[in-house]
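What follows is a short report on a single structure.
All values reported here derive from a predicted model rather than from experimental measurement.
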Amino acid sequence: MRFVLMHFAIGAAGALAISLLFSRLSGETSGAALAMAMIVGIACASLAHFVSPWATPGALLLVVLSSLRELREFQAPRPPPPEHE
């Protein structure tokens, strides 16, 4: 039981920290950081219990990669809207 709780705590805390960091970098003022942290924490605990303890760092790596992609999309220059004639 300690094993599962440890991976839940690591996954939730890691996802929360990653979410808050990337929210800060993108300038967001609101979001669903807590909900994402709980979902990632439950996923990490389940994967660590049923698959491998190495699933927790893997899941956190996926969170970092998806957050990095969102940040790049957010910062990418957008083309101006087409003018209507």
Minimum heavy-atom distance [X]-[Y], with the two atoms named:
{"X": "Leu47", "Y": "Ala55", "answer": "CB-CB, 3.5 Å"}
{"X": "Ala15", "Y": "Ala37", "answer": "CB-CA, 3.9 Å"}
{"X": "Phe3", "Y": "Pro53", "answer": "CZ-CG, 3.7 Å"}

Completion exercise
When rounded to the nearest 0.5 Å, the distance separating CD of Glu70 from OG of Ser19 is 9.0 Å

Practice task
To the nearest 0.5 Å, tell me how far Cys44 SG sits from Met6 CE.
Solution key: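 Taking SG in Cys44 and CE in Met6, the distance rounds to 11.0 Å.
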
Practice task
Hydrophobic side-chain clustering at under 4.5 Å (ILVMFWY, transitive links): who's grouped with Met38? Put none if nobody.
Solution key: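 Result for Met38 is Phe8, Leu34, Ile42.
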
Problem - Main-chain N/O of Val64 paired with Ser67 side-chain donor or acceptor, under 3.5 Å - result: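 Answer holds: no.
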
Practice task
Quick one: list whatever passes side-chain contact (heavy atoms from CB on, under 4.5 Å) with Leu25, sequence neighbours left out.
Solution key: Leu21, Phe22, Leu71

Handout entry: Residue pairs, two or more places apart or on separate chains, that pass salt bridge (charged side-chain N to carboxylate O under 4.0 Å, His left out) and touch residues 40-58
Key =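 Passing the test, one end in residues 40-58: no pairs.
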
Practice task
Mind jotting down which residue pairs meet the salt bridge (charged side-chain N to carboxylate O under 4.0 Å, His left out) criterion with at least one end in residues 6-25? Sequence neighbours excluded, please.
Solution key: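 Listed once each, the pairs would be none.
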
Practice task
Identify, with sequence neighbours excluded, every residue that meets side chain to side chain donor-acceptor pair (under 3.5 Å) alongside Arg69.
Solution key: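 Once residues adjacent in sequence are excluded, the partners of Arg69 under the side chain to side chain donor-acceptor pair (under 3.5 Å) criterion are Glu73.
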
Problem - Pairs satisfying side chain to side chain donor-acceptor pair (under 3.5 Å), at least one member in residues 42-56, at least two apart - result: His7-Thr56

Exercise for the section: Please name the residue in the list Leu68, Val40, Val63, Leu61 that meets the side-chain contact (heavy atoms from CB on, under 4.5 Å) test with Ile18. Expected result: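 Answer after filtering Leu68, Val40, Val63, Leu61: Val63.
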
